[in-house]
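Bear in mind the structure is a predicted one, so any value in this text is a computation, not a measurement.
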Amino acid sequence: MNVRRRHISGIAVAAAAAVGLGTLSACSSDSAAAGNTDKFDVVASFYPMQYLAEQIGGDHVNVTTLTEPGQEPHDLELSAKQTARMGEADAVLYLKSLQPAVDEAVGQADVKTKIDAATLTKLEDHGSVEHDHGSEGHSEEEHAAEAHSEEEHALDPHVWLDPVKYAEIAEGVAKAFEKADPDNAADYRKNADALTKKLADLNTAYEDGLANTDTKVFFTNHAAFGYLAERYGLTQEAINGLDPESEPSPARIKELQDEAKADGVTTVFYETLVSDKTAKTLAKDAGLKTDILDPLEGITDKSKGDDYIAVMESNLKALEAALGAK
């Protein structure tokens, strides 16, 4: 749409020239130029942000995403082409702290509308995997050490897995779109209302489906489900921490085996975008089943559903089965 002339930084211009940005077509695929279309051009950092932009923007937006389907978003590195493209957009929608490369690029980009989803709801510190049950019975020194380590930890960014918080973000995105592209504000409002209704229905389905279960504890490959667990009164025990690629210690594996027996855990969940090796090893050693609980960081042909709502509904079915829902 490019409703105004803008000056791209010298680095971005050089990068654009180097990669021949001008030869890119202006279609809506990821290889498209993000700017210079007759629509409101939005660069989204990864799938949950892309979904919001598409649902709220409807026909008025051209959305490109920085994270390819199947790419693990935490480790994203941006090409010069992607960075230059961001400078041509009307808006960028991202979640600060999830993807450091994106945070850096957004800070440098000359984009009028920068929407940080982390500012549109309250992020929380769900602590390290070792302290999911609180810190009762710890010494003052341990409390002090934990407080210090929590300062060092980033807040948990996986906020889109809680439909209530995701709806709060959707509301903020809609307001930003309305302000940045007032000609289409009425449609953005209508689309946002339809989306928040879908998310409210999803929340009700989770509340009803998980209200009465044999166990409230579930095991995951990495700690992506803290917000979901908190919303529905569950306890997430992650094999790894917030980083899906880290390896758990033998002590951690033993702890999880003991807990599985104590809490009636039946299933170890793994996800589509990272290796399932550790989850399957733990499950085999502890005599547990495995299943997929998708953190929805990207949609691929392995996803159990073709959009956010469908995959969240699949996640609910998996949780109901694993927790023994009545």
Side-chain angles (χ1 to χ4, degrees), residues 19 21 24-35 37 39 41-59 61-86 88-89 91-103 105-106 115 117 157-161 163 166 169-170 173 195 198-199 202 220-222 224-225 228 242-245 269-277 279 291-315 318:
V19 298
L21 190 62
L24 287 169
S25 65
C27 62
S28 61
S29 74
D30 189 59
S31 61
T37 74
K39 296 190 176 187
D41 295 304
V42 182
V43 171
S45 57
F46 74 130
Y47 176 72
M49 301 299 106
Q50 175 194 343
Y51 180 76
L52 289 182
E54 289 171 347
Q55 291 290 307
I56 295 165
D59 295 337
V61 296
N62 171 57
V63 182
T64 54
T65 181
L66 297 172
T67 309
E68 298 274 3
Q71 189 175 16
E72 217 296 315
H74 295 79
D75 306 326
L76 180 71
E77 292 183 9
L78 296 180
S79 66
K81 188 187 296 185
Q82 287 175 308
T83 305
R85 208 182 287 158
M86 195 184 286
E88 282 293 293
V92 59
L93 174 56
Y94 72 115
L95 180 61
K96 194 168 185 180
S97 84
L98 183 81
Q99 298 171 287
V102 173
D103 297 349
V106 169
I115 310 167
H158 301 88
V159 71
W160 63 92
L161 290 162
Y166 197 45
I169 294 170
V173 171
L195 176 58
K198 276 193 222 173
L199 293 171
L202 182 66
T220 62
N221 208 51
H222 92 280
F225 297 91
L228 185 150
L242 292 173
D243 175 5
E245 301 292 350
F269 288 113
Y270 62 95
E271 57 201 71
T272 50
L273 296 183
V274 295
S275 169
D276 60 2
K277 188 179 76 176
D291 199 357
I292 290 174
L293 200 60
D294 194 329
L296 262 158
E297 292 174 346
I299 296 281
T300 69
D301 54 4
K302 291 181 184 172
S303 301
K304 292 186 176 179
D306 56 8
D307 70 3
Y308 173 88
I309 298 288
V311 176
M312 283 293 283
E313 287 170 346
S314 295
N315 280 347

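- Distance check: E68 CD to T300 OG1 gives 13.0 Å after rounding to the nearest 0.5 Å.
- Note that the CD1 atom of I292 and the OG atom of S303 stand 8.5 Å from one another [nearest 0.5 Å].
- Summarising the geometry, atom CG belonging to L293 is positioned 10.5 Å from atom OG belonging to S314; distances are rounded to the nearest 0.5 Å.
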**OP:** Before giving the answer on side chain to side chain contact (heavy atoms under 4.5 Å, CB included), spell out for Y51 and I299 the whole-Å C-alpha distance, their side-chain angles and the decisive distance to 0.1 Å.
**Re:** CA-CA 10 Å; Y51 180 76; I299 296 281; over 6 Å; no
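- To the nearest 0.5 Å, atoms CG (D41) and CZ (R85) are separated by 11.5 Å.
- For the pair I115 and M49, the minimum side-chain heavy-atom distance is 4.5 Å or more.
- Within the 3.5 Å criterion, the main-chain N or O of K277 finds no donor-acceptor partner in the side chain of Y270.
- Scanning all heavy atoms of the two residues, the minimum distance from A310 to G305 falls at CB-CA, 3.8 Å.
- Of all heavy-atom pairs spanning V63 and A53, the tightest one is CG2-CB, 3.8 Å.
- In this structure, OH in Y47 is found 16.0 Å from CG in L66, a value given to the nearest 0.5 Å.
- Judged by distance alone, the side chain of K304 and the main-chain N or O of N315 form no donor-acceptor pair under 3.5 Å.
- Checking side-chain atoms of Q99 against main-chain N and O of P73 turns up a donor-acceptor pair under 3.5 Å.
- Paired with W160 under the rule side-chain contact (heavy atoms from CB on, under 4.5 Å), one option of L228, I169, L98 passes, and it is L98.
- Closest non-hydrogen pair, H74 versus P100, comes out as O-CD, 4.2 Å.
- Pairing each heavy atom of V61 with each of K39, the nearest pair is O-CD, 3.6 Å.
- Between L78 and V102, the shortest heavy-atom distance links the atoms CD1-CA, 4.2 Å.
- Taking 4.5 Å as the limit, some side-chain heavy atom of L161 sits within range of a side-chain heavy atom of M312.
- Atoms OH and OH, on Y166 and Y308 in that order, are 6.0 Å from each other to the nearest 0.5 Å.
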Exercise. Between N221 and D276, is a side chain to side chain contact (heavy atoms under 4.5 Å, CB included) present by the stated rule, with each step listed?
Worked result: CA-CA 8 Å; N221 208 51; D276 60 2; over 6 Å; no
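- Remark: the backbone N or O of S45 is paired with a side-chain donor or acceptor of T67 at under 3.5 angstrom.
- Counting all heavy atoms, side chain and backbone alike, A101 lies closest to E77 at CB-CA, 4.3 Å.
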